[in-house]
Amino acid sequence: MADHYEVLGVDKTASPDEIKKAYRKLAREFHPDVNPEPSASDRFKSVTHAYDVLSDPRQRQEYDQGGSNAFGGAGAQGFGGFGDIFETFFGGGAPGSGGSGAAPRSRKERGGDALLRVEVDLDEVIFGTKRDLEVNTAILCDTCEGTCCAPGTRAVVCDICHGSGQIQRAVRSLLGNIMTSSPCGTCRGYGTVIPSPCPTCAGQGRVRATRKMTVDIPAGVDTGLRLQLPSQGEVGPAGGPNGDLYLEIKVRHHEVYSRNGDDLMATLEVSMADAVLGSRVRVGALDGELELELKPGTQSADIITIKDRGVSKLRGGGRGDLKIGVQVVTPTKLSGKEQELIRQFAGSHKSKAPHLAEFQQGLFAKLRDRFLHV
Ligand SMILES: [Zn+2]
Ligand SMILES: [Zn+2]
C-alpha cells in the first residue's frame, strides 16, 4: 500500500490545510464524474482513503505511529481499520472509505410521460389525419445544456462525502463495529455539488417550454385509444432521457354517421311512394357521394350494405362497410284528395288486415339503439 503522504503528494509535516488543498486538487482530477479514465477511479479511491486517514488528527497520529493497521479501540473512527475488519469477516469487498460499492447517483433522470387529449372528426378517422400540437413540456436548458452549472463553472466533488454520495457510519454490534451508509445530505447522494447553478434553469438542466409538433393520427383510431409517441415527453432532470408522450383519442360525435367497429352506419328516411315504387338516390358519405338503389317494395329496417366504405382498419387490411338502414316514413297530413287516392288504392289492392307476427329484434333495431345511446 502506498504511503498516504505520497498518495497526496505532501510532506509528513504537512498542515491540515495543506492536506485538504492537496486532496481537493487530486479529487477534482480523478473523480469518476470528471475523469473517464478507468484507472482514475482507483486513484480517486486511494486519494480519498489517504485523506480520510490524514484529515483526522487521531487517525493520522495512529498512522504515523504504526501504519493504518492500527485498529482503534472503542470509539475509534478509523475507516482503514473498519476496512480491515470487513476483509476479515467477509473475505474482501471491503468498503473503502469513500464508497462501499454504492456509486453516487446520477443527476440525470428519465423525464416524465405526458398525456394529451386529441379530438378528431369521424371523417378524419376513415383515412387518418395530421394534427399540429402544442406541448407544454420541459426541454433541455440551452444555457447549460443539462450540466446544471452556470457557464464557465462546473460541479465539484462534495467535501462531506468526498464524492461517494454516501456517508458511512460505524454502528457498534457484538461483532465489533459495523459500517452502515446513507446518502450524503450535503450533495443529496450525487457526490458532487454545484457551486454556481445555471441561472436560466435554476440548476435543473431543463426549462419549461411550449414545443410545437405535427403528429400523424392513424386511420381507424377510436375514442379511448392511446397512441404512444416514444421520447416525445419531457426531458429528464440534468438532460436525462425524455419520457414518452401519449395521445388519448376522442372521436367527435357526427350528426348522421355513427360507428360500429370498422363499420359506419346511418339511416335513410324514405317516402312511402319511393319505398313502394323503388328509386335511386344520391347521398353524401363521409368520403364523397354515393348512389343508393332502393328496390321496389323496400321495407322499413332493410339494410343496404356498401362494401369497403367504412373506416380503415387500424392494423391494416382494408375498410369496414357502410350500412344504411331504411326507414319508411308514413305521410301524416293528407289533403282530402290524397286520402281519397289512398282509399282507392286500398280498395283495389288486396293486402292483409293487421295481424300479429313474431317480434323482430333485427339489425335495424340495434342500429337505432346505438343512435339513441351515442
Ligand atoms: Zn441551465
Ligand atoms: Zn456529499
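Note that ligands are numbered from 1 as they come in the structure, with each ligand's atoms numbered from 1 the same way.
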>> Whether the side chain of D244 engages the backbone of S231 through a donor-acceptor N/O pair (distance < 3.5 Å, no angle test) should be reported.
In response: yes
> Any luck finding a side-chain donor-acceptor pair between D121 and H254 under 3.5 Å?
Replying inline: no
> Are there any protein N/O/S atoms under 2.8 Å from the Zn ion (ligand 1), and if so, which?
Replying inline: C141 SG, C144 SG, C198 SG, C201 SG
> Backbone N or O of T192 within a donor-acceptor pair of the R107 side chain at under 3.5 Å?
Replying inline: yes
> Which protein N, O or S atoms sit under 2.8 Å from the Zn ion (ligand 2)?
Replying inline: C158 SG, C161 SG, C184 SG, C187 SG
> Applying the side chain to side chain contact (heavy atoms under 4.5 Å, CB included) test to L247, which of V221, L227, L115 qualifies?
Replying inline: L227
>> My understanding is that only residues two or more places apart in sequence, or in another chain, count here; which of them pass side chain to side chain contact (heavy atoms under 4.5 Å, CB included) with P195?
In response: V156
>> Strictly by side chain to side chain donor-acceptor pair (under 3.5 Å), give each pair with a member in residues 281-299 just once, sequence neighbours left out.
In response: R280-E291, R282-E289, D287-R309, D287-R319
> Are Y51 and Y23 close enough that their ring centers fall under 6.0 Å?
Replying inline: yes
>> Please check: side-chain N/O of R131 versus main-chain N/O of L133, any donor-acceptor pairing under 3.5 Å?
In response: no
>> Between D123 and L286 (side chain of the first, backbone of the second, donor and acceptor by atom type, cut-off under 3.5 Å), is there such a pair?
In response: no
